[in-house]
Protein chains: 2
Amino acid sequence: MSSSVVSLNDGRGPSATKDRILDAAEGLFMEHGFEATSLRSITAAAAVNLAAVNYHFGSKEELFQAVLTRRLDPMNQRRVALLDRFEREASPEPLSCERIIVALFVPALELARDPERGGKDFLRLLGRAYADPAPFIRRFLSEQYAQMIARFKTAFGRALPHLPKKELSWRLHFIMGALSYTLAGTDVLKLIAELNPKETSNDEILLRRLAPFLLAGLKAPLLDLSEVTREIDGALDASARR
Amino acid sequence: MSSSVVSLNDGRGPSATKDRILDAAEGLFMEHGFEATSLRSITAAAAVNLAAVNYHFGSKEELFQAVLTRRLDPMNQRRVALLDRFEREASPEPLSCERIIVALFVPALELARDPERGGKDFLRLLGRAYADPAPFIRRFLSEQYAQMIARFKTAFGRALPHLPKKELSWRLHFIMGALSYTLAGTDVLKLIAELNPKETSNDEILLRRLAPFLLAGLKAPLLDLSEVTREIDGALDASARR
DNA sequence: GTTTCGATCAAACGATCGTTTGAAGCCTAT
DNA sequence: ATAGGCTTCAAACGATCGTTTGATCGAAAC
């Protein structure tokens, strides 16, 4: 009948072994990637025994998934919750693209604002995971994102009824890709940090710039496609004839 | 005084040990990433001795750089050459954004068209390398891309004189990021391949869709920024007050 | 024919990897 | 106090890694 039923090793809840491992793994996976990060470096940073990872998580891969799911799951749930609320508020009129983008970006920004440490680390880790070739990572992310993406796709489809479904799928894919890649960038963030040392958060600046950029691409008329495509074809033909 | 001074192992030039290693490494690095690819798997796929890699390239890292530079260097040179030619043709008027984008995309498309095998593999590998956390990879790519990016930045600056330099830098970064990420995507490319089994090349389809999308973002007016940013701020404040 | 030098080979080096084992520790309930 | 549970611990397991070594081969130079 005490306060908590979970284990406690040194008397303080938040420093439990499992959480300390997750925190250390989050930072190290972000910094070096999955393959290049050893369990020994994680357990050393977390100041726990080497066997603790396999005991609590089963394997290195399951630890990685636990690191991702700890923050990714709530973030995606918050995204659809925000989208639901916006749709309720705007009902019966369809949502604007701007508000849909806001629902997509704000939960990430909340992580970038960093409740304490770790939020920004996680965003970078997520961006890197999105480009990792490991099959179990790609499978995991596909499952985690599938529902949310489908939900946003129908929302965008209502906001852009003139856009063919296929074209919308591609543009949404570009948006998620640019978002992931932007969050994964290391050099650029550090470069921005040097130029803007006093602004709130680097990830925040980045996302605020990215949102209008992607919004313009999303709302671009279909005319531009054939226009640029024709230019590309011309240049390709010219180079082929060369 | 014979035709070639380079070594030949089995009598045929194109199957020299060095090239066979590069070809095998290109495919395996793309499929599994740098860390997860062993030299033994590479030398086995190339049907050469294990020690051949260290003999010809020095180390695994140098092999990786050799794989990248073999195609990346010519591609970037072709990008600036195309840009130079377009500017000469349009002189004295400034280049349109469309044509600059074409100069950026066409060399990648030429690789996607795949002289024979390997071109598409390399594009995916390049996209993955762009998100790889390994310091030597990031350093290498920065150096390889620096000149070309600067060249295109001034070109875009001339085409968009109203756009602040800082905003342009960000948008160009988004473009390169979306391009890299798009090329790195595995699942989506396979999914597209199932839907469009008869069209020319998957990467080609992807790049043709991506170009108009990015072009719209690049040419987006600055007004949108404050507009969406205001919406984001509103949502963030509401969530903070929650 | 002898020498020479770059290329290839089998084999091993030391290091590090993820994982497992079995004993020891510690808190809870009986 | 005793028994039983999770948890932690030091130590080792087998496997695989990148790299190095020294011998062997083969074609060109003398």
Side-chain angles (χ1 to χ4, degrees), chain A residues 1-25 28-29 31-67 132-137, chain B residues 1-25 28-29 31-67 132-137:
Chain A
M1 98 225 359
S2 71
S3 61
S4 166
V5 74
V6 299
S7 70
L8 54 158
N9 51 355
D10 58 351
R12 300 303 305 268
S15 66
T17 300
K18 227 171 160 180
D19 288 331
R20 291 226 308 282
I21 292 177
L22 285 174
D23 289 337
L28 288 172
F29 279 144
E31 196 172 351
H32 306 110
F34 174 75
E35 299 281 352
T37 301
S38 68
L39 289 185
R40 284 169 174 83
S41 69
I42 294 175
T43 53
V48 301
N49 189 272
L50 169 62
V53 168
N54 287 297
Y55 176 78
H56 285 286
F57 299 95
S59 69
K60 186 185 178 185
E61 291 193 359
E62 290 172 281
L63 168 63
F64 188 81
Q65 297 185 16
V67 168
D132 201 293
F136 86 95
I137 295 181
Chain B
M1 190 219 287
S2 73
S3 61
S4 165
V5 75
V6 300
S7 69
L8 54 158
N9 50 356
D10 58 353
R12 299 304 305 268
S15 67
T17 301
K18 229 172 158 180
D19 288 331
R20 290 227 309 281
I21 293 177
L22 284 174
D23 289 337
L28 288 172
F29 279 144
E31 195 172 352
H32 305 110
F34 174 76
E35 299 281 352
T37 302
S38 68
L39 289 184
R40 284 169 174 83
S41 69
I42 294 175
T43 54
V48 301
N49 188 271
L50 170 61
V53 169
N54 288 298
Y55 177 79
H56 285 286
F57 298 95
S59 67
K60 186 185 178 186
E61 292 194 357
E62 289 172 284
L63 168 63
F64 188 80
Q65 297 185 16
V67 169
D132 200 293
F136 86 95
I137 296 180

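As the structure is a computational prediction, the values presented were derived from the model and not from experiment. Sequence lines set the chain letters: A, B, ... in the order given, protein chains first and strands last, and positions in each chain run from 1. For the numbers below, each heavy atom of this structure counts, side chains included, while hydrogens, waters and symmetry mates do not.
In this structure, CD1 in A:Ile42 is found 12.0 Å from CG in A:Asp23, a value given to the nearest 0.5 Å. Rounded to the nearest 0.5 Å, atoms CD (B:Glu62) and NE2 (B:His56) are 13.5 Å apart. The CD atom of B:Glu35 lies 7.5 Å from the CD1 atom of B:Ile137; values are rounded to the nearest 0.5 Å.
A donor-acceptor pair is defined here as one N or O able to donate and one able to accept, closer than 3.5 Å; no such pair exists between the side chain of A:Lys18 and the backbone of A:Phe57. A donor-acceptor pair is defined here as one N or O able to donate and one able to accept, closer than 3.5 Å; such a pair exists between the side chain of A:Lys60 and the backbone of A:Phe34.
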Exercise for review: Any chance you could encode DNA chain C as dot-bracket? Rule is Watson-Crick or G-U wobble with both distances under 3.5 Å; [ ] for pairs crossing earlier ones, | for another strand.
Suggested key: |||||||||||||||||||||||||..|||

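Put simply, B:His56 has no side-chain N or O that comes within less than 4.0 Å of OP1 or OP2 on C:dG6. Proximity of A:Thr17 to the phosphate of D:dT7: no side-chain N or O atom is located under 4.0 Å from OP1 or OP2.
In terms of heavy-atom proximity, A:Arg20 sits nearest to A:Ala46 at NE-O, 3.0 Å. Heavy atoms only, all atoms of each residue included: A:Thr43 and A:Asn49 are closest at CG2-O, 3.5 Å. When all heavy atoms of B:Leu28 and B:Ala45 are compared, the pair lying nearest together is CD1-CB, 4.0 Å.
Rounded to a whole Å, the CZ atom of A:Arg20 is 12 Å from the C1' atom of D:dT8. The separation between A:Asp19 atom CG and D:dT7 atom P is 13 Å, rounded to whole Å.
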Exercise for review: Produce a footprint string for nucleotides 16-21 of chain C: one letter per nucleotide, 5' end first; B if the base is under 4.0 Å from any protein heavy atom, S if only the sugar-phosphate is, - if neither.
Suggested key: -BBBBB

